2 protein chains.
Amino acid sequence: MIDARSGVPAWRQLADDLRARIGSGEFAPGAALPSEAQLGQQYGLGRTTVRRAVAALRAEGVVVVQHGYGMRVPVPAEPQIVRPEPGSVVSTRMPTPAERAAFGMADGVPVLVITGPDGLPEAYPGDQVVVPVD
Amino acid sequence: MIDARSGVPAWRQLADDLRARIGSGEFAPGAALPSEAQLGQQYGLGRTTVRRAVAALRAEGVVVVQHGYGMRVPVPAEPQIVRPEPGSVVSTRMPTPAERAAFGMADGVPVLVITGPDGLPEAYPGDQVVVPVD
DNA sequence: TATAATTTGTGCGTATGTATA
DNA sequence: TTATACATACGCACAAATTAT
């Protein structure tokens, strides 16, 4: 599964493989993934390397990790529709730690920023909000 | 600077401090930050801990790192205005590795996804694009 | 062109702490 | 309480990219 001579880092090969397995439906939303120790044994990698791969998947929002419990594929939230007032502009960025805490956001989830005509920006969790454009 | 008895992980204290120093203007956009070794010595931390903090700042898009060169505060791009056709919806998520490579995006930069009335989604680099809502 | 110095990247190991079941 | 699983933090060695000499 892991080719040490491919030039591609082992942690990236593992991340790519897990991402593909998730995308294929082998791990459905809500499903638990193998533990770090299991992954390390199955793929023949040290724990540091496994954690590096998991960190990458977390940063992509592909998996969510709960301390002491394990790793799961996130369940998509029902999208909430936000209608900005005319003259607003929509942009995106990663949340500040304060925003992450305030919204209870997982790793790898950006915010949608709506800046009103008054120039005041407001941030919304990017995994729960969509903005229609008419 | 780092309080080992505060209960807050050392890497998070370092990340918070660097983020604050960047926000204060001590490190302006385009400015270089100290090397990992320098940070480790200045804050009395091991390299693993320093790299953990840097990884967090990268995931936030607060710093960009270049292999063999160093770490800098990113320079904001001139925003490009994209006007979706009426009936589109705007959302956000982290890019896939393929999208990251295609757009040459740094870590910690989300994509803005515009789904047209036909249901076809299109992704744009989130650090370069804004969408007006009329 | 080649070499060295600097800096980040990869990968491993160990130990201990904390959260969950 | 016990077992499992993730979190923190240190160390080491070597690889790869960049820059300057």
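In the text below, chain A, chain B and the rest are named by the order of the sequence lines, each starting its count at 1. Since we're looking at a predicted model, the values are computed, not measured.
B:Q13 and B:S6 share a side-chain donor-acceptor pair at under 3.5 Å.
The side chain of B:R58 contributes an N or O atom lying less than 4.0 Å from OP1 or OP2 of C:dG9. Side-chain N/O atoms of B:R52 include one lying less than 4.0 angstrom from OP1 or OP2 on D:dT8.
Side chain of B:W11, nearest nucleotide from D:dA9, C:dT10, C:dG9: D:dA9. Comparing atom distances between the B:P9 side chain and each of D:dC6, C:dT10, D:dT8 picks out D:dT8 as nearest. Relative to the side chain of B:V65, the nucleotides C:dT8, C:dG11, C:dT10 differ in distance, and C:dT8 lies closest. Nearest to the side-chain atoms of B:R51 among the listed nucleotides C:dT8, D:dA7, C:dG11 stands C:dT8.
Residues passing the side-chain contact (heavy atoms from CB on, under 4.5 Å) test with B:S24, sequence neighbours excluded: B:E26. Checked against salt bridge (charged side-chain N to carboxylate O under 4.0 Å, His left out), B:R52 has no partners two or more places apart in sequence or in another chain. When the side-chain contact (heavy atoms from CB on, under 4.5 Å) test is applied to A:A37, the partners found at least two apart in sequence or on another chain are A:S35. Residues meeting the salt bridge (charged side-chain N to carboxylate O under 4.0 Å, His left out) test with B:E99, sequence neighbours left out: B:R93. In this view, B:I81 and B:R83, B:V130, B:P132 satisfy the side-chain contact (heavy atoms from CB on, under 4.5 Å) rule, not counting sequence neighbours.
To the nearest angstrom, P of D:dA5 lies 15 Å from CZ of A:R72. In this structure, the CG atom of A:L33 is 13 Å from the P atom of D:dA5, given to the nearest Å. Summarising the geometry, the separation between CD on A:Q38 and C1' on D:dA5 is reported as 10 Å, rounded to the nearest angstrom. When rounded to the nearest whole Å, the span between CG of B:L39 and C1' of C:dT7 equals 12 Å. Atoms CZ (A:R5) and P (D:dA15) sit 17 Å apart, rounded to a whole Å. Atom CG in A:L14 sits roughly 14 Å away from atom C1' in C:dT10 (whole-Å rounding).
With rounding to the nearest 0.5 Å, the separation of CG in A:L14 from CG in A:D16 is 9.0 Å.
With DNA chain D read from its 5' end, the first of the two nearest nucleotides for A:M71 and A:T48 is the one closest to A:M71.
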Look for any protein N or O under 3.5 Å of an N or O in nucleotides 16-20 of chain C and output each such pair with its distance, or none.
{"residue": "C:dG17", "atom": "N2", "partner": "A:H67", "partner atom": "NE2", "Å": "3.4"}
{"residue": "C:dT18", "atom": "O2", "partner": "A:H67", "partner atom": "NE2", "Å": "2.9"}

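Using Watson-Crick or G-U wobble geometry with both donor-acceptor distances under 3.5 Å, C:dT14 finds its partner in D:dA9. With a cut-off of 3.5 Å on both pairing distances, the Watson-Crick or G-U wobble partner of D:dA16 is C:dT7.
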